[in-house]
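First the structure, in the form of structure tokens, and then the observations on it.
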Amino acid sequence: MGWRDGYIAVDWGTTNRRAYAVDGNGQLEDWFEDDFGLLAVPRGGFETAADDIRRRLGDRPMLLGGMVGSNRGWGEAPYVPGPAGAAELAAAIRWIEPGRVGIVPGISQSGSAGADVMRGEEVQVVGAVATGSVPPEALICHPGTHAKWIHLSNGRIQAFRTMMTGELFSLLKEHSILADELAGEVRPDGAFEAGARDGLAGESLLSALFAIRARHLLDEGEGGASCASGLLIGADVRAGLGLHRGEPLVLVGRPDLCALYYAALRLAGKSATKVDGAVAFLAGMHRLTELI
């Protein structure tokens with residue numbers, strides 16, 4: 001069975017994975033998601049883990065993206081230097097089994113643009129461009145553990161900047177004195193907007209975060225999780241908009257995270273379109289199979 005007859009696309013991250021059975025026209029046939037990410041795979045266990053995917057989705061060629069291509073994954077797929085697009089990524093696929101099991105590389109940036117790397121987001125960008133969901137000249141915001149602001153030029157990733165927004169929130173939620181105050185659900189509500197306004201205004205994160213605890217102790221506020229998320233995302237958006245040159249703004253990623261960034265952008269007086277990251281991932285993998 002060749003790529004034009006159908007294939008399996010896998011988004012394999014550090015803590016979870018999604019695997020999709022796709023027909024030769026790029027249409028989804030079946031899929032599953034589980035928590036068998038890189039950290040759950042025993043040493044030397046990736047081949048067995050891939051066999052499990054095939055047992056569930058069929059014996060097809062397999063293209064994998066995400067952290068599975070890192071130095072902690074199945075096989076390291078070296079970064080492609082930017083600027084780069086679909087053609088460069090397809091040409092640099094790391095073949096575990098020649099022509100049948102491959103890993104999509106990430107993209108690196110160095111020099112005057114600033115040292116940075118991405119691995120996984122590039123597939124979604126390729127897909128959003130291929131479907132026309134993103135214009136060839138745009139500023140993309142990809143929310144996540146390590147949020148990305150990505151400049152597109154002629155439909156290729158020209159430059160990007162990473163923000164540790166999601167990871168910082170997770171560290172505060174799990175390991176800081178604010179843990180009890182951040183136990184609630186994050187929503188784009190009034191507490192989120194209050195935090196986002198402070199982040200957008202350039203308020204000191206260090207003092208504004210501690211104020212969440214102080215307000216809790218003094219019974220002067222609720223919604224600590226939303227407020228802290230708003231603070232971090234507001235600061236993220238403030239820095240990201242410093243890269244904005246007037247091109248269209250597009251949010252690509254998980255719908256719930258995109259909704260939070262959309263709310264912060266609205267408070268900053270900016271509009272943006274939203275693209276579902278899972279849909280973009282499938283479109284990106286299909287585009288890459290067309291170039292294999």
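The two residues Arg60 and Val22 make their nearest non-hydrogen contact at NH1-O, 3.0 Å. Nearest approach of Pro105 to Ala77, heavy atoms of both residues: CA-CB, 3.8 Å. Across all their heavy atoms, Ala280 and Gln124 have their closest contact at CB-O, 3.4 Å. Taking every heavy atom of both residues into account, Ile8 and Gly58 meet most closely at CD1-O, 3.3 Å. Taking every heavy atom of both residues into account, Arg238 and Gly199 meet most closely at CD-O, 3.5 Å.
Ionic pairing of Arg4 and Glu290 is not present here: no N-O contact between side-chain nitrogen and carboxylate oxygen is shorter than 4.0 angstrom. Taking a cutoff of 4.0 Å between a charged side-chain nitrogen and a carboxylate oxygen, Arg100 and Asp59 qualify as a salt bridge. Looking at Arg17 and Asp11, no side-chain N of the basic residue comes within less than 4.0 Å of a carboxylate O on the acidic one, giving no salt bridge. We find that Arg215 and Glu181 are not joined by a salt bridge, their nearest charged nitrogen and carboxylate oxygen being 4.0 Å or further apart.
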Verdict with reasoning, Leu205 to Leu231, per side-chain contact (heavy atoms from CB on, under 4.5 Å): CA-CA 7 Å; Leu205 286 178; Leu231 272 168; 4.1 Å; yes
>> Is there a side-chain contact (heavy atoms from CB on, under 4.5 Å) between Met285 and Tyr20? Walk through the geometry before answering.
In response: CA-CA 10 Å; Met285 290 301 239; Tyr20 306 88; over 6 Å; no
Evaluate the side-chain contact (heavy atoms from CB on, under 4.5 Å) criterion for residues Leu63 and Ile93: first the C-alpha distance (whole Å), next the side-chain angles of each, then the deciding distance (0.1 Å), finally the verdict. CA-CA 9 Å; Leu63 190 61; Ile93 288 172; 3.9 Å; yes
* Could you walk me through whether Gln109 and Phe160 pass the side-chain contact (heavy atoms from CB on, under 4.5 Å) check? -> CA-CA 8 Å; Gln109 175 178 281; Phe160 57 97; 3.7 Å; yes
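Judged purely by distance below 3.5 Å, without hydrogens or angles, the side chains of Tyr261 and Asp236 pair a donor atom with an acceptor atom. Defined by atom type and a distance below 3.5 Å, a donor-acceptor pair is present between the side-chain atoms of His151 and Glu247.
Judged by the 6.0 Å and 45° rule, Arg119 forms a cation-pi pair with Tyr79. Both the sub-6.0 Å distance and the 45° axial angle are not jointly satisfied by Arg161 relative to the ring of Trp149. In this structure, Arg56 is positioned above the aromatic face of Phe32, its NZ or CZ under 6.0 Å from the six-membered ring centre and within 45° of the axis.
Using a 4.5 Å heavy-atom cutoff, the side chains of Leu288 and Val104 are in contact. Side-chain contact between Phe192 and Ser229 is present, with at least one heavy-atom pair separated by less than 4.5 Å. Within the 4.5 Å cutoff, side-chain heavy atoms of Lys148 are placed close to those of Asp116.
At most 12 non-hydrogen atoms from other residues, nucleotides or ligands lie less than 6.0 angstrom from CD of Glu47.
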